[in-house]
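Let me begin by presenting the structure, written as structure tokens, before commenting on it.
When reading the values below, keep in mind they use all heavy atoms of this one structure, side chains included, and skip hydrogens, waters and symmetry mates. In what follows, every chain begins at residue 1, and chains take the letters A, B, ... in the order their sequences are listed.
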There are 2 protein chains.
Amino acid sequence: MPIKNTGTEQLIKDTAKRLIFTEGKLHATTQEIADAAGVNRTALHYYYRSRDLLIAAIFQDAMQDLSQRLNECMTAPESFKTKTENIIALFLRHMIAFPYQETFLVTEINTLGTKLIDNIQSNPVKSYLKEAAEEMEKGTIEKMNPAHFLMNLFSLLSYPLIMAPLYKKLFRLSGKDFKALIDERAKIIIRLLFKSQ
Amino acid sequence: MPIKNTGTEQLIKDTAKRLIFTEGKLHATTQEIADAAGVNRTALHYYYRSRDLLIAAIFQDAMQDLSQRLNECMTAPESFKTKTENIIALFLRHMIAFPYQETFLVTEINTLGTKLIDNIQSNPVKSYLKEAAEEMEKGTIEKMNPAHFLMNLFSLLSYPLIMAPLYKKLFRLSGKDFKALIDERAKIIIRLLFKSQ
DNA sequence: TTTTTGTTAGACAAAAATGTTAAGATAAAA
DNA sequence: TTTTATCTTAACATTTTTGTCTAACAAAAA
């Protein structure tokens with residue numbers, strides 16, 4: 001780590017994340033990133049040496065961030081429903097800020113190979129799936145393979161935000177109206193996933 | 001259209017679609033496309049003149065295909081539930097074959113601008129939404145903004161297939177096991193969207 | 001004050017990707 | 001058989017993107 005930290009290294013990475021994760025420009029060039037960050041392109045090489053290394057750093061961060069969010073959410077010491085409500089709140093907030101983070105991860109894996117994620121942590125997910133299975137026994141949620149429950153949850157949270165540009169056109173909605181729609185989703189999702197009473 | 005049609009023009013486009021829509025290689029180069037198609041890169045230029053034009057053709061096809069599927073599905077003369085079951089079957093089949101088609105559309109829009117889709121047809125969707133609202137009155141599905149119903153439907157259909165590389169790792173599933181999981185989803189989705197009896 | 005650190009600017013080199021051209025092979029059509 | 005449309009090969013030009021180097025400068029640290 002540098003002795004005199006002016007935040008430029010972080011700024012570059014954060015800007016790249018904004019372009020890629022938030023604005024969905026999955027193939028931003030080094031020039032575009034540097035311009036958006038308001039730094040010279042040389043600074044990007046100064047800190048990250050190459051585009052690939054910057055992208056690798058961003059990929060690592062994204063995986064780490066995803067892992068950590070799953071970890072924290074899924075192993076929290078709360079009731080299953082409360083926990084699920086928290087997952088929804090947290091992931092919705094995240095998807096609003098960084099809708100293309102998961103898309104980025106997947107397309108990187110598709111081009112660079114699946115070995116990128118051999119070390120993914122699946123234990124917290126497993127424990128959540130187990131709890132879901134118990135809830136199914138209790139009858140608070142529909143019986144199904146718990147993996148489906150989790151996929152349903154994440155689908156309902158994520159997909160509308162990824163497809164926002166299409167949905168806005170399809171529904172003829174302004175950005176504001178679409179946002180209002182998204183704000184309603186937490187409740188909708190809970191109502192859908194949990195039996196009515 | 002060429003007088004002597006040997007299918008190479010189509011082959012090139014189909015191959016590019018395979019790479020982009022199926023394999024999720026969203027920034028395939030002309031060389032990669034030509035190689036995958038087993039033709040010389042010049043053939044690509046011979047037929048499409050430039051990469052951008054090939055991509056534009058693919059984009060148009062994808063929009064057209066999406067529009068047409070929506071159109072056919074949503075205006076079919078069947079009961080709402082049957083119609084929805086058909087939508088699920090059709091879109092699931094499509095997502096299995098071309099999981100990244102919508103992702104491609106959205107990332108293209110994100111980089112080239114929203115004007116690409118100003119002419120999108122939203123009438124069939126509107127009529128489906130109206131039917132959904134009627135079903136809500138009847139009580140066969142939960143009451144909500146019909147737009148949510150549609151977003152729920154497409155989310156549940158699409159997201160798991162887009163995120164397959166991640167989910168396989170997260171659930172530690174082989175390709176075969178994951179496929180089996182996906183095959184169960186049509187029923188799961190119907191059960192989730194429609195009230196139990 | 002001198003040195004170090006962070007950073008910029010500019011020029012340039014190298015690589016990658018895209019696009020062009022000309023010549024020729026092939027096979028089907030005329 | 002000649003012609004023509006299709007497609008390849010190979011060479012090359014252009015553009016885009018990436019990466020490197022050097023000199024310089026400002027601000028903080030020593």
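- Ring centroid separation for the pair A/Phe104 and A/Tyr100 does not come in under the 6.0 Å cut-off.
- A heavy-atom distance below 4.5 Å is not found between the side chains of A/Thr140 and A/Glu134.
- Contact check for B/Leu193 versus B/Ile141: no side-chain heavy atoms found under the 4.5 Å cut-off.
- Looking at residues 10-23 of chain A, you'll see that no heavy atom sits under 4.0 Å from any atom of DNA chain D.
- Taking atom CG of residue B/Asn40 and atom P of nucleotide D/dT8, one finds them 6 Å apart after rounding to whole Å.
- With rounding to the nearest 0.5 Å, the separation of CZ in A/Phe154 from CG in B/Leu166 is 10.5 Å.
- One atom, CG of B/Leu54, and another, C1' of C/dA17, lie 14 Å apart when rounded to the nearest Å.
- Proximity of a side-chain donor or acceptor of B/Lys83 to a complementary backbone N or O of B/Ala76 within less than 3.5 Å is detected.
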>> Before you tell me yes or no, could you show the steps for B/Asn40 and B/Tyr46 under side-chain contact (heavy atoms from CB on, under 4.5 Å), namely the whole-Å CA-CA distance, both residues' side-chain angles and the distance that decides it to 0.1 Å?
In response: CA-CA 10 Å; B/Asn40 194 285; B/Tyr46 178 77; over 6 Å; no
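- With a 4.5 Å cut-off on side-chain heavy atoms, A/Phe149 and A/Leu129 do not count as touching.
- Taking side-chain N and O atoms only, B/Tyr46 has a distance below 4.0 Å to OP1 or OP2 of D/dT6.
- Base pairing analysis places C/dT20 opposite D/dA11; the two distances defining the Watson-Crick or G-U wobble pair are each below 3.5 Å.
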Under 3.5 Å, which N/O atoms of the protein pair with N/O atoms of nucleotides 18-24 of chain D?
{"unit_1": "D/dT18", "atom_1": "OP1", "unit_2": "A/Arg51", "atom_2": "NE", "d": "2.9"}
{"unit_1": "D/dT18", "atom_1": "OP2", "unit_2": "A/Thr30", "atom_2": "N", "d": "2.9"}
{"unit_1": "D/dT18", "atom_1": "OP2", "unit_2": "A/Thr30", "atom_2": "OG1", "d": "2.9"}
{"unit_1": "D/dG19", "atom_1": "OP2", "unit_2": "A/Arg51", "atom_2": "N", "d": "2.6"}
{"unit_1": "D/dG19", "atom_1": "N7", "unit_2": "A/Arg41", "atom_2": "NH1", "d": "3.0"}
{"unit_1": "D/dG19", "atom_1": "N7", "unit_2": "A/Arg41", "atom_2": "NH2", "d": "3.4"}
{"unit_1": "D/dG19", "atom_1": "O6", "unit_2": "A/Arg41", "atom_2": "NH2", "d": "2.9"}

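- The aromatic ring centroids of B/Phe80 and B/Tyr128 lie less than 6.0 Å from each other.
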